[in-house]
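Structure record follows, encoded as structure tokens.
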Amino acid sequence: MRFSAICEIFEQIASTSSTNQKVAIVTQFLRQTPIDEIPLVIQILTGTLFSQGAPLNIGYIILWKIARQVVGASENQLEQARQAHGDLGGAMAALFSQRKTRQATLFMVDPPSLNDLVNLYQRLTITGSRSTTRKKQWIAAFLDRLTAVEVKYFVRLLLGWLNIGLQTPLVLRAIAELTNVPEESVRRAVLKHPEVGEIARIAMTEGLNGLARIQIRPLIPVLPMLAMQTDTFEEALRDFGGTVAAEYKYDGIRLQLHQDGDRIEVFSRRLTQLTNQFPDLIASWKDITREKRCVVEGEVVGMLGGKITPFQVFMRRIRTYEIEATASDVPVSLFLFDVLFVGDEDVTRLTYRERYAILERMFKPSEHIRLATRIVSNDVKELQNFFEQAITAECEGIMLKDLKADYMPGTRGTRMLKYKKTLETLDLILVGAEYGEGRKSALFSRFFFAAWDETRTKFTTLGKVSTGLTDDDNQVLNDQIRPLIVQEEGRRVTVAPQLVCEVLADEILESPRFEAGYALRFARIVRIREDLSIDDADDIGKVKNLFTTQRSRKNYAQGKHEQE
DNA sequence: GCTGGCTGCCC
DNA sequence: ATTCTGC
DNA sequence: GCAGAATGGGCAGCCAGC
């Protein structure tokens, strides 16, 4: 199949905002796709062709350099095109089609096929000295064979970002429609075996029976169930029927541990195999398990002197070299909270109450692997206390779980909720901005903020914030920024310090990058403070103070922050 | 051989 | 990770 | 309520370039 055939479909999908219509287009296209090409076509439709398997190590910046060279554009020209056309792929396509010489030769070149893409991908996974240089050349050469539309989607595929309003969930819907199988069955199959193309092939050749055959199996990673946020305990109690299980929400990484006899593997939330990183956990599980085959799930954190370490300290454990040395520097504990498979049985359709009862019996807790701290409660006050206890124990907050819920992998559903700590808000000075991507490409959508230094005579930067504003407020802020621009460099502008925004964060981090020496974790803009002048903005003293006391209970606001 | 830029992956 | 928006 | 888009800090590891 020609790449251009898929590009046409991409264009059609991008041109409608109706999800039903997008699904219909995909369904129709899959219907006329030869069965043996289905897995590959699906990988391309979901935009994951280059982002599954070996990493390319080619990102936005390298692609930008290739783009400049291939289309022969200056930094400014390319940035102008990017702002006008949304993204790098769109910009390149636009600049490409302006070049008449190329168009004249187009018909003489053999049109690239899907297999050409696969072959290129294989070559692009090389590593080693001069590899980036060679990859750049191959990409440039391939771009030269493409039409403008193909350029757009090829570049987007390289970046793993199609931006056409279509991702895996809608493709699954299309597979269900095409094969006349309930969407739920397709979805459950994918979660247990996350290769959409393979699932599609099975659905098409074997239908529902084929899909039903796909079960959770130890050593094959499963997409974990995700939680939504809540501001109130009442919501959880109401939604979950008056009683909830509450567990500490540890600040580490989500881990699923698979055991099949002597073989043990662990995987991250996005299914990266992390077995080599945690020899200590593997050894511990061998000692304490009472099962032959199982899949259990929990959160690993760093532990020093009986205390949970900050996330940054723990992250040193995720490495390839010097694992033994780091393992003794930063010991870890795994706090288990769920079980998906045990003995010979997929237990995801059991209730959480039932699964937990199984989990409790599966192993003998050790120092390194034990159950997450947990209560079952029907009382807001009790949950509040439990939350505060969690914060004191260096956790991010608590999880609230429906005891009656089954385990629905991969979905961010209503089966569990998270209730997290946030800090007091900061009033910060806007000192810079950056143009965005996609639908925000012609707008400032990332904002640099600073606080006063201790003397309140200079400001010091604390990082970039981009989320939180509604489109309307974003427009307002853009209008206020324009007349204040003092300098422009590529996509970035420096802004005369005059505007103040209220910014919320979950945590203050010590930062090697920012002038202030601190940065904000999960920062978001709460509102524009038109009522404040920069003299009213906070200083670094407050940030420092929040940093040193952030684990104590005085400095966090609960749920929605209160308006003044 | 070292440093800084870049990527990918955790949150 | 968080947040907003449109279906 | 779901799905999609647009965006954050920081760590390790690798490669380019000096």
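Note on naming: letters A, B, ... go to the chains in the order of the sequence lines (proteins, then strands), and numbering restarts at 1 for each one.
A gap of 15 Å separates the C1' atoms of dA1(C) and dG8(B), to the nearest Å. For the P atoms, the distance linking dT7(D) with dC11(B) amounts to 22 Å, nearest Å.
Atom P of nucleotide dC9(B) and atom CH2 of Trp161(A) are separated by 19 Å, given to the nearest angstrom. We find that CG of Leu255(A) is positioned 14 Å from C1' of dC11(B), with the value rounded to whole Å. Computed from coordinates, the Lys440(A) NZ to dG8(D) P distance equals 10 Å when rounded to whole Å. Look at CG on Leu159(A): it is 14 Å from P on dC9(B), rounded to the nearest Å. Atom-to-atom, CZ of Arg269(A) to C1' of dC9(B) comes out at 11 Å; the value is rounded to the nearest Å.
For the pair Thr272(A) and dC10(B), the criterion of a side-chain N or O lying under 4.0 Å from OP1 or OP2 is met. Between Lys418(A) and the phosphate of dT2(C), there is a side-chain N or O to OP1/OP2 separation shorter than 4.0 Å. The shortest distance between the side-chain N/O atoms of Ser466(A) and the OP1/OP2 oxygens of dA6(D) is not below 4.0 Å. For Ser445(A) and dT7(D), the shortest distance from a side-chain N or O to OP1 or OP2 is below 4.0 Å. A sub-4.0 Å separation between OP1 or OP2 of dC11(B) and a side-chain N or O of Arg254(A) is absent. Contact annotation: Arg316(A) does not reach the phosphate of dG13(D) (side-chain N/O to OP1 or OP2, under 4.0 Å). The phosphate of dA5(D) has OP1 or OP2 within less than 4.0 Å of a side-chain N or O from Asn163(A). Proximity of Thr132(A) to the phosphate of dC6(B): no side-chain N or O atom is located under 4.0 Å from OP1 or OP2. Lys65(A) has a side-chain polar atom (N or O) that falls below the 4.0 Å cut-off from OP1 or OP2 of dC6(B). The phosphate of dG13(D) (OP1 or OP2) has a side-chain N or O of Thr320(A) nearer than 4.0 angstrom. Between dA16(D) and Lys136(A), no contact under 4.0 Å exists linking OP1 or OP2 to a side-chain N or O. Look at Ser131(A) and you won't find any side-chain N or O under 4.0 angstrom from OP1 or OP2 of dC14(D). Arg524(A) has a side-chain polar atom (N or O) that falls below the 4.0 Å cut-off from OP1 or OP2 of dT3(C). Applying the 4.0 Å criterion to OP1 and OP2 of dC11(D), one finds that Tyr321(A) has every side-chain N and O outside that range.
Thr467(A) comes within 4.0 angstrom of a nucleotide base, judged by non-hydrogen atoms across all strands.
Considering only side-chain atoms of Gln167(A), the nucleotide from dC11(B), dA5(D), dG8(B) that sits closest is dA5(D). Listed nucleotides dC4(C), dC11(D), dG9(D) differ in distance to Met315(A); the shortest reach to its side chain belongs to dC11(D). Here dC4(C) is the nucleotide among dC4(C), dC11(B), dC2(D) with the atom lying nearest to any side-chain atom of Asp471(A). For Leu56(A), whose side chain is taken as the heavy atoms from C-beta onward, the closest listed nucleotide among dC4(C), dC2(D), dG8(B) is dG8(B). Here the nucleotide nearest the side chain of Arg446(A), chosen from dT7(D), dA3(D), dC11(B), is dT7(D). Closest to the side chain of Pro169(A), from the set dT7(D), dA3(D), dT2(C), is dA3(D). Each of dG13(D), dC15(D), dA1(C) was ranked by its minimum atom distance to the side chain of Arg319(A); first place goes to dG13(D). Checking dG9(D), dT5(C), dA16(D) against the side-chain heavy atoms of Arg439(A) singles out dT5(C) as nearest. Nearest nucleotide to the Ile62(A) side chain, out of dC11(B), dC6(B), dG10(D): dC6(B).
In terms of position on DNA chain B, the residue among Gly53(A) and Ile61(A) whose nearest nucleotide sits closer to the 5' end is Ile61(A).
A donor atom on one side chain and an acceptor atom on the other are not found under 3.5 Å apart for Gln475(A) and Asp471(A).
Taking each heavy atom of Thr230(A) and Thr232(A) in turn, the nearest pair found is OG1-O, 3.1 Å.
By the neighbour-count criterion of 12 heavy atoms within 6.0 Å, atom CZ of Arg482(A) is densely surrounded, having more than that number from other residues, nucleotides or ligands. When the shell of 6.0 Å around CD of Glu195(A) is examined, it contains 12 or fewer heavy atoms from other residues, nucleotides or ligands.
Put simply, CD on Gln256(A) and CG on Leu223(A) are 8.0 Å apart, with the number rounded to the nearest 0.5 Å. We find the OH-CG distance between Tyr518(A) and Leu546(A) to be 10.5 Å, quoted to the nearest 0.5 Å.
The backbone N or O of Leu509(A) sits nowhere less than 3.5 Å from a side-chain atom of Arg521(A) that would complete a donor-acceptor pair.
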